[in-house]
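Below is one structure, written out as structure tokens; comments come after it.
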Amino acid sequence: MRYSALSLAWNALSGHTRWQPAWRDPAPKPYYDVVICGGGGHGLATAHYLAKVHGITRVAVLEKSWIGSGNAGRNTTIIRSNYLLPENVPFYEWSMKLWEGLEQDLNFNTMVSQRGVLNLYHSDAQRDAYARRGNAMRLHGVDAELIDRHAVRRMLPFLDFDNERFPIQGGLLQRRGGTARHDAVVWGYARAADSRGVDIIQNCEVTAIRSRNGRVEGVETTRGFIGADRVALALAGSTSLVATSAGLRLPIESHVLQAFVSEGIKPFIDTVVTFGAGHFYISQSDKGGLVFGGDIDGFNSYAQRGGLPVIEDVCEAGMALMPRIGRVRVLRTWGGVVDMSMDGSPIIDTTPVRGLYLNTGWNYGGFKATPASGWCFAHLIATGEPHGTARGFRLDRFATGRPADEKGVGAQPNLH
Amino acid sequence: MTRSQAFRLAAGGFVDRARPLRFTFDGRPMTGYAGDTLASALLANGVRLLGRSFKYHRPRGLLSAGPEEPNALVELRKGARREPNTKATTVELFDGLEAASQNRWPSLRLDLLSLNSALAPLLPAGFYYKTFMWPRALWERLYEPVIRRAAGLGRAADGHDPDHYEQAYAFCDVLVVGAGPAGLAAALAAGRAGARVILCEEDARLGGRLLSEDLEIDGLPAHVWAEEAVRELSGLAGVRIMPRTAVFGVFDGGTYGALERVTDHLPVPPAFAVRQRLWRIVARRTILASGAIERPVAFAGNDRPGVMLAGAVRTYLNRFAVAPGRRLVLFTSSDDGWRTAAAAARAGMEVAAIVDARAAVPPAVMALAPRGATVHLDARVREALGGRALAGVALEAQTGRQRIAADLLAVSGGWNPNFALASHHGARAEWCPHLVGFAPSGAPDGMVVAGAARGMLSLARCLADGWDAGATGSETLGFRPVGARAFSAEDEPSGVSALWHVKGGRAKAFVDLQNDVTVSDVLLAEREGYRSAEHLKRYTTLGMATDQGKTGNVLALGILAETRGAPVPSVGITRFRPPAVPVAIGALAGRHRGREFRPTRLTPTHAWAQSRGAVFVEAGPWLRAQYYPMPGETDWLETVGREVLTVRRSVGFCDVSTLGKIDVQGPDAGLFLDRLYINTFSTLPVGRARYGIMLREDGFVMDDGTTARLAPDRYYVTTTTANAVRVFQHMQFCHQVLWPDLDVQLVSVSDQWAKLSVAGPKARETLRGVVDAGSDLSSEALPHMGVAEISVMDGIAARIFRLSFSGELAFEVAVPAGYGAALAARLMQAGAAFGITPYGTEALGVMRIEKGHIGGNEIDGRTTAADLGLARMMSRKKDFIGRVLAERPALTAPGRMQLVGLRPLAAGARLRAGAHFLAPGAPAHAGNDEGVMTSVAFSPLIGSWIGLGLLKSGPSRLGQRVRAYDPVRGGDVEVEVVQPCFLDPSGERLHV
Amino acid sequence: MRIECPYCGSRDSREFTVLGDARLADRPDAAGPGALGRFVAYLHERDNPAGLHPELWYHGAGCQSWLIVTRDTRTHRIQKVEAARDLPREGALR
Amino acid sequence: MSEPMSPAAPESSGLEGRLVPGRHGNASGPAGVTLHLCPPRALASVMARRGALEAAVRGVKAGFGLDLPSAPRRVAADATAFAWSGPGQWLAMTTGQTPGAFEQALRKALGASASVVDQSGGRLILRLAGPAARAVLAKTIPLDVHPRAFGPGDAASTLAGHIGVQLWQLDEAPTYEIAVMRSYAASLAQFLLDNSVEFGVEVSGAPPQPP
Ligand SMILES: Cc1cc2nc3c(=O)[nH]c(=O)nc-3n(C[C@H](O)[C@H](O)[C@H](O)COP(=O)(O)OP(=O)(O)OC[C@H]3O[C@@H](n4cnc5c(N)ncnc54)[C@H](O)[C@@H]3O)c2cc1C
Ligand SMILES: NC(=O)c1ccc[n+]([C@@H]2O[C@H](COP(=O)([O-])OP(=O)(O)OC[C@H]3O[C@@H](n4cnc5c(N)ncnc54)[C@H](O)[C@@H]3O)[C@@H](O)[C@H]2O)c1
Ligand SMILES: Cc1cc2nc3c(=O)[nH]c(=O)nc-3n(C[C@H](O)[C@H](O)[C@H](O)COP(=O)(O)O)c2cc1C
Ligand SMILES: [Zn+2]
């Protein structure tokens, strides 16, 4: 049943008892053309575009627990394409374009809200670095504005402009950036993929990749072996664990990134704001919660939880930036296991094992990439060739010396 | 005035009737007593409508008497101190308290948004995912603004938080969380054993349920026993009692986060007192004795003001001496609920009926029924009737349906152990049929759970369990055994059977009262495939409100299980996360806000520069003098121009103490540096300095700086200001981890030396007035890149380095940091005849750009030594960090962006760093992007803006023109590609 | 997290900075054939296990020692802590 | 008695006007803590060379009569003390000599067994004492300073807020000395004051000599 105001009203008449499951709950079949490991945003988007764009529908998405249980379901929902490097800007901009039509494509309200993303700067050098980035965006046809302190004050009068350790000088603003409802993205892609015949199989953990003579044959799972012509990994923080079974050692470390939500309060923060002199970024959800975060904890972890030092660090920066939130209470903190790569940029590529495809290295910023990641990964799986906007995301870039290192900090994942 | 407290009992309770306190709610003045919470004081005054729900704006009253409260949220205090979403049940009453209801318009009684209730059929769980999609453009313009207007509960404060917070550490052998009977017994045992004990209690008053119940321990009224226990604990040297302190999170390694509400019970914090304090408690053992939370039942209208948890009714009666109503109906499926009927009758309330869903109850329970109360077994409340207040209940009894008038409906569906903290590290919960609830199975390392928190539901068992946990815990840590201890206390009946949902009734039946999640929402989620407990939560928002589902979560799971005909644990249980109680952001930040957000590093000449009117700039942690305006100068460009010209024509000096400085000693010091830098230091003669470049292991430039050799086995290394800490750590890594066999000793001397760079043609003459007799500054004795140990200012040991960043004859003079200010003052005197000027980081930057020296903008982590024109420095004769990977194909390929100088074609045209280069005439398109302007300056000597940049194949394009394209600032300037060095390329000025 | 520094005793993790996989201690030989490949692997490839993970931590705010901390990445439980300078070299961690 | 550090130029701590003598904060009753900036002393980093730890220990024993600690402790005799600051590393200090003379004396005693680096200008030392000193430290550093865990002679390097410090306990009063990098001293002083005002703090210019 299509979703619309009309269908909602129609169903109200029957007490909402006629709605069908958003996706089926099928048992795994013995064989698929493509098995996608990982029911996060990227895996589900890949399935959707495989089916929709490439007509490949004998596809299964295998998820070890419930779909969206990974980072797709726990991120701070920021979408933007305000990157510097030519490897990144076109890709993330392609993603923005897909976001801009996502609700209509999926017939699911993913609440893409282009409320703007403002990165504050606090020094001349930072201003110039942001100008460099903004100019790079403009050269790629992406919107970017460099605004001054007065313009920031007009947008966010309650920031601390008087007692600052690192005075706010201005910001880089991408108005088309914003947020999207994380869970809805997962469910929307799942429902759309399912409607085209994709099997979404929850509570099905991939335990190993089976291959013979350098060609993939399928995957071992907690629900038995599932054969496949092609196997695609979209496991985010868990990628290394499965890839090891195919003999791959990856340029990936799994780290914990925390996020925070406050009690619901009347909305007063209308854009996404990032502090440039500390680790803190914030937006306010449509429910009223302040959704905020900061840096990763810095150590390898699969535990989905972090520690007090980062919690304090984030709140210190939050209070330095907007002391108005001092009496607002943190309601919940959590962590996600993020796939930090050696240059801070993603990997979408084939592997030495034929038929095995890799999608990883999303660091703390792969939610915004969800549509383009799915699109490009589907393209690679279907055609064997990298998509035009993802050519910089190949595995061999570390050997050839072409890292896409936005921060310029080198091969140390916890600094990206 | 006290007469207004119409629902206050004449006697009993722990309120001080001699200390009346005035307060207002929505502007209405009232009076309560010391010892009251805001909730109990409002109840005493007969106020029952306290809030509106999130979605439907339904009228709501008190459900509970504690931190699990979903309904009674208020805005406490005003203006910059306004605290939204404050649970009235946790606010200690103080004189002058002001509270207001929230999320209603125009008033609490008449809330127009309650129209949402009428629209409810259109607004089931997740309705917004199905609509508002068309037309797309209306989402940001119409739909979302409307949704956001309705969003949120209370309002954030109006201004910057005026109060202070702080963070602190505490350490103990045994941490006890909760001071109910279990916690008190645990603390007594551990304390008597001699352990260092911390007892944290969220409440202002210790005792837990003992304050709410009418029980005895060892022949004493339980609350008296609690007072004695507290007295004994206070006398034990190792025991620290922390009331008003909630433990909110379990972190790794036995670290606990706790929030102390230091002065929240006062109108404003007294002078020098903080509002709240964040504690990080490090405990070797922890006993979680956090009690249990009562569970409501889902039935139509179960959210009306006047429907209250049975245990909370007892709390109001016994602890606060308030009758929450006049005529009570009890609806329960647990033995414990019956105690409420007894307590109410004892307090003089009318008990109209006891409705128990069970077909039979034990005689001991039946005995609790007050005389005059009708007992209905195997009966249910179908609906709570009324509007803004409860008027009665509709009953489904063996005798048929009937209505009973009542203004208070006490509900008990059993008790859920409150073990959230035990689950913070992922320990699972197990289903306990005898509780009809979950209990913890497992706990974080070092923690045991005791008392009701692990499902012990009688007083005698809680006491014994707590004692045992305290005794065992301290004994395993090596403290003296205290043995078992028998308490004489009641083993109250605690039978319960499952009672989740009563079907029928017209009104909505709620499971999550704050977020307005109803039974039908739960069933809709199930129907639509959101079957995992976590999907159910996210789709319906169940348990996501400020109470985190403390009362509603298990109820929803029970309902789902019942619907599926499956056991409750098969439905799953959502994850618990810190904080167990919401914590103010300000408390987590402590003192680190405003100017104290991060420490400020001050240079040795800071105060001196301040006295000269310097303008300062943040440079990482440092504050540095940016420029020194003189009277009459109107803008910074003028000042900086003057500073530069003074240096170029005469002399000036600049504090460069912020550079990182590392003393490297040992027989292998030279070898060590050879391995770190791309060039060679083992061949550097003693008394000379050399510029060096170090790479990261990936072959890109990490840092640069000069290194001097002070002795055969001693070097003095400098790093850039920005990388000082990182380079030192990197050196320690290389030494300790990669090459521990080398005999080198490293120590930072960054703060030991004040370092002033004296530059300009008159630098030597100026310095002659500073150095002590016998110090030879001639080029013979101290050639360019020469280093000497001398003395200055009559006997102060100093080091002098003939190094130049500015391109002028220049000396860096280093004195022990305490003499930096004196040296600056002395330089001013000595250079007075030459018109000496101090200069700041701006002029420093101008001069380095004029000379084409690279800085942080060029060393951006993506440039190679060759990109920066320094390929020749790279030694081929040795291994060094980064050598191998610097040879990767793309790092050596032609066409990389490389360092050049840039000059505008139009005189006076302004350059800006961050502009990108395009070939003239090439469309502004990423494919034509050829590089970026990295640094710019106005050169007063050249009379033009100049720049450094990284340009594709730059060095081979000298003389060509490119556009410096800067759309974000509206700039588009044509520039000529020139050598990076604009001034004195042959370096003659260095040698005057 | 609390880290038992072999020199300073049990300390809050905020006194430390972490570099990552302890294999970074096994820097390959720059001479000899295949150095480039070995360095690419050394610097970029990680085991990234879910379980015990030897890793490099620096007690920067304490004794400035580099430590090898063997920690379970699933639970954050620390199994042992050794000083890096005391470790036998040459492939000891492989 | 400390000899004058320099006859000629004035030395400044950079804390002038930032650590103002007098009573601050809570004014009732005796001050909970006292806080002083110690007069300049000669300081030096001493780092044993590879394999020369024992020789360095012997050298200090012979030259200063002190047993170099091999754990986080500080040993003192007369005017001179050594605080362990890392494996094979100590912060040496004296109130009895000029920095130059102290450095020479250390070199003489240690010979080739250790590297010696003058740090006299690099650190300032604040002294915190009084009945509330432990409570102030609880807000300042992440260490357990309960008498069962930390006593006179114990030393540690740690973080005070976001500032690296090295501290040691002198006596049971308790009295602590906190050494901090000079550029951070103003921020540390502010942090200590903020953490002390609750108890009342007496700041004085010239502290009594250590017992
Ligand atoms: C706290 C936090 C905040 C973030 N904020 C942002 C942000 O604001 N903006 C942004 O762009 N990005 C953000 N990110 C990053 C973003 O969430 C991720 O990069 C992105 O979600 C990763 O892609 P995914 O959705 O496919 O991953 P996931 O959702 O993690 O998908 C991986 C899935 O694989 C499943 N899986 C794992 N192992 C197996 C197995 N063996 N078999 C089967 N299934 C398996 C997992 O259960 C999971 O569902 C944030 C991340 C975190 C943790
Ligand atoms: N018969 C029954 O069915 C039944 C059911 C439930 C409880 N009880 C009675 O309740 C009592 C339970 O005793 P108990 O000691 O286990 O629990 P308790 O409820 O008496 O005490 C728990 C205490 O812990 C505090 N607390 C909770 N979380 C905290 C946190 N995070 N930080 C700091 N403090 C926190 C609470 O404020 C409370 O004071 C017994 O008397 C028992 O008989 C009986
Ligand atoms: C954007 C966003 C908003 C959230 N808002 C809330 C909220 O209002 N209430 C709440 O309890 N949790 C909220 N959460 C947190 C989730 O409850 C949950 O903690 C998170 O998705 C991680 O899952 P886990 O805690 O089950 O591991 C939010 C999470 C995100 C990503
Ligand atoms: Zn240490």
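Bear in mind the structure is a predicted one, so any value in this text is a computation, not a measurement.
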Checklist entry - How about Y3(A) and Y129(B): are their ring centres within less than 6.0 Å of each other? => result no
Item to check | For chain A, the option from A120(B), A151(B), G529(B) that forms the most heavy-atom pairs under 4.5 Å | outcome: A151(B)
Checklist entry - Do R397(A) and D343(A) meet the salt-bridge criterion of a basic N to acidic O distance under 4.0 Å? => result yes
Checklist entry - Step by step, would you call Q276(B) with D264(B) a side-chain hydrogen bond (donor to acceptor under 3.5 Å, both in side chains)? => result CA-CA 7 Å; Q276(B) 296 179 342; D264(B) 273 349; 2.7 Å; yes
Checklist entry - Where does E263(A) contact chain B at under 4.5 Å (heavy atoms): side chain, backbone, both or neither? => result both
Checklist entry - Are R191(A) and D194(A) close enough for a salt bridge, meaning some N to O gap below 4.0 Å? => result no
Checklist entry - What option among R138(A), H140(A), R305(A) has the most heavy-atom pairs under 4.5 Å with chain B? => result R305(A)
Checklist outcome for this item: Counting heavy-atom pairs under 4.5 angstrom with chain B, the leader among L331(A), D124(A), L146(A) is L331(A)
Next on the checklist: Need one label for A136(A): side chain, backbone, both or neither, based on atoms under 4.5 Å from any heavy atom in chain B.
Outcome noted: both
Checklist entry - Tell me, side chain or backbone of N515(B) under 4.5 Å from chain A's heavy atoms, or both, or neither? => result side chain
Next on the checklist: Please rank E534(B), R82(B), E618(B), H425(B) by heavy-atom pairs under 4.5 Å with chain A and give me the top one.
Outcome noted: H425(B)
Checklist entry - Under a 4.5 Å heavy-atom cutoff, which of G288(A), P21(A), A144(A) has the most pairs with chain B? => result P21(A)
Checklist entry - Does atom CG of L6(A) have more than 12 heavy-atom neighbours from other groups under 6.0 Å away? => result no
Next on the checklist: Less than 4.5 Å to any heavy atom of chain B: does that hold for the side chain of A5(A), its backbone, both, or neither?
Outcome noted: both
Next on the checklist: Between the side chains of R969(B) and D128(A), is the shortest nitrogen-to-carboxylate-oxygen separation below 4.0 Å, so that they form an ion pair?
Outcome noted: yes
Next on the checklist: For Y530(B) and Y539(B), take the angle between the two ring planes, folded into 0 to 90°, and tell me which bin it lands in: parallel under 30, tilted 30 to 60, perpendicular over 60.
Outcome noted: parallel
Item to check | Side chain / backbone / both / neither for R2(A) at chain B, heavy atoms under 4.5 Å | outcome: neither
Next on the checklist: With a sphere of 6.0 Å drawn around CZ of R18(A), does it hold more than 12 non-hydrogen atoms of other residues, nucleotides or ligands?
Outcome noted: no
Item to check | Side-chain ion pair, E100(A) and R136(B), N-O less than 4.0 Å | outcome: no
Next on the checklist: Which one wins on heavy-atom pair count under 4.5 Å against chain B: L308(A), I311(A), V89(A), D405(A)?
Outcome noted: L308(A)
Checklist entry - Do F158(A) and F268(A) have ring centres separated by under 6.0 Å? => result yes
Item to check | Atom group of Q126(A) that falls short of 4.5 Å from chain B, counting heavy atoms | outcome: neither
Checklist entry - What part of L106(A) lies closer than 4.5 angstrom to a heavy atom of chain B: side chain, backbone, both or neither? => result neither
Checklist outcome for this item: Okay, Q304(A) and chain B: the region with an atom under 4.5 Å from a heavy atom over there is both
Next on the checklist: Taking every non-hydrogen pair under 4.5 Å, which of H925(B), R155(B), E144(B) racks up the most with chain A?
Outcome noted: E144(B)
Item to check | Proximal component of Q104(A), with respect to chain B [non-hydrogen, under 4.5 Å] | outcome: side chain
Item to check | Gap between atom OG1 of T546(B) and atom CZ of R332(A) - 0.5 Å precision | outcome: 13.5 Å
Checklist entry - Relative to chain B, which segment of N107(A) carries a heavy atom at a distance below 4.5 Å: side chain, backbone, both, or neither? => result both
Item to check | When K407(A), E103(A), M111(A) are compared by non-hydrogen pairs under 4.5 Å with chain B, the top option | outcome: M111(A)
Check: residues 312-327 of chain A side-chain donor-acceptor pairs under 3.5 Å, at least two apart:
unit_1, atom_1, unit_2, atom_2, d
E312(A), OE1, R280(B), NH2, 2.7
E312(A), OE1, R14(C), NH1, 2.6
E312(A), OE2, R280(B), NE, 2.9
E312(A), OE2, R14(C), NH2, 3.3
D313(A), OD1, R598(B), NH2, 2.7
E316(A), OE1, R598(B), NH1, 2.8
E316(A), OE1, R598(B), NH2, 3.2
E316(A), OE1, H162(D), NE2, 2.9
E316(A), OE2, Q167(B), NE2, 3.2
R324(A), NE, A157(B), O, 2.5
R324(A), NH2, A157(B), O, 3.3
R327(A), NE, R81(B), O, 2.9
R327(A), NE, E83(B), OE2, 3.4
R327(A), NH1, D161(B), OD1, 2.8
R327(A), NH1, D163(B), OD2, 2.9
R327(A), NH2, E83(B), OE2, 2.9
R327(A), NH2, D163(B), OD2, 3.2

Next on the checklist: Testing the 3.5 Å rule here: is there a donor-acceptor pair between the side chains of R275(B) and Y165(B)?
Outcome noted: yes
Checklist entry - Using a cut-off of under 4.5 Å for heavy-atom pairs, which of T255(B), D860(B), L891(B) has the most such pairs with chain A? => result D860(B)
Checklist outcome for this item: Sorted by chain and residue number, the ring pair (Phe, Tyr, Trp, His ring centres under 6.0 Å) partners of F132(B) (sequence neighbours excluded) come out as Y143(B)
Checklist entry - Where on T17(A) is there a heavy atom nearer than 4.5 Å to chain B: the side chain, the backbone, both, or neither? => result both
Item to check | Side chain, backbone, both or neither of L85(A) within contact of chain B (heavy atoms, under 4.5 Å) | outcome: side chain
Next on the checklist: For the interface with chain B, which of G278(A), S65(A), A411(A), P167(A) has the highest count of heavy-atom pairs at distances below 4.5 Å?
Outcome noted: P167(A)
Checklist entry - Considering only heavy atoms, which portion of P90(A) lies under 4.5 Å from any heavy atom of chain B: side chain, backbone, both, or neither? => result neither
Item to check | Region of L84(A) in contact with chain B, defined by heavy-atom distances below 4.5 Å | outcome: side chain
Item to check | Most chain A-contacting option - heavy-atom pairs closer than 4.5 Å, from E596(B), E526(B), E887(B), R696(B) | outcome: R696(B)
Checklist entry - What residue, out of G620(B), G586(B), A589(B), G861(B), has the most heavy-atom pairs lying under 4.5 Å from chain A? => result A589(B)
Checklist entry - Between D286(A) and R115(A), is there a side-chain N and carboxylate O pair less than 4.0 Å apart? => result yes
Checklist entry - Side chain, backbone, both or neither: which part of F292(A) has an atom under 4.5 Å from a heavy atom of chain B? => result side chain
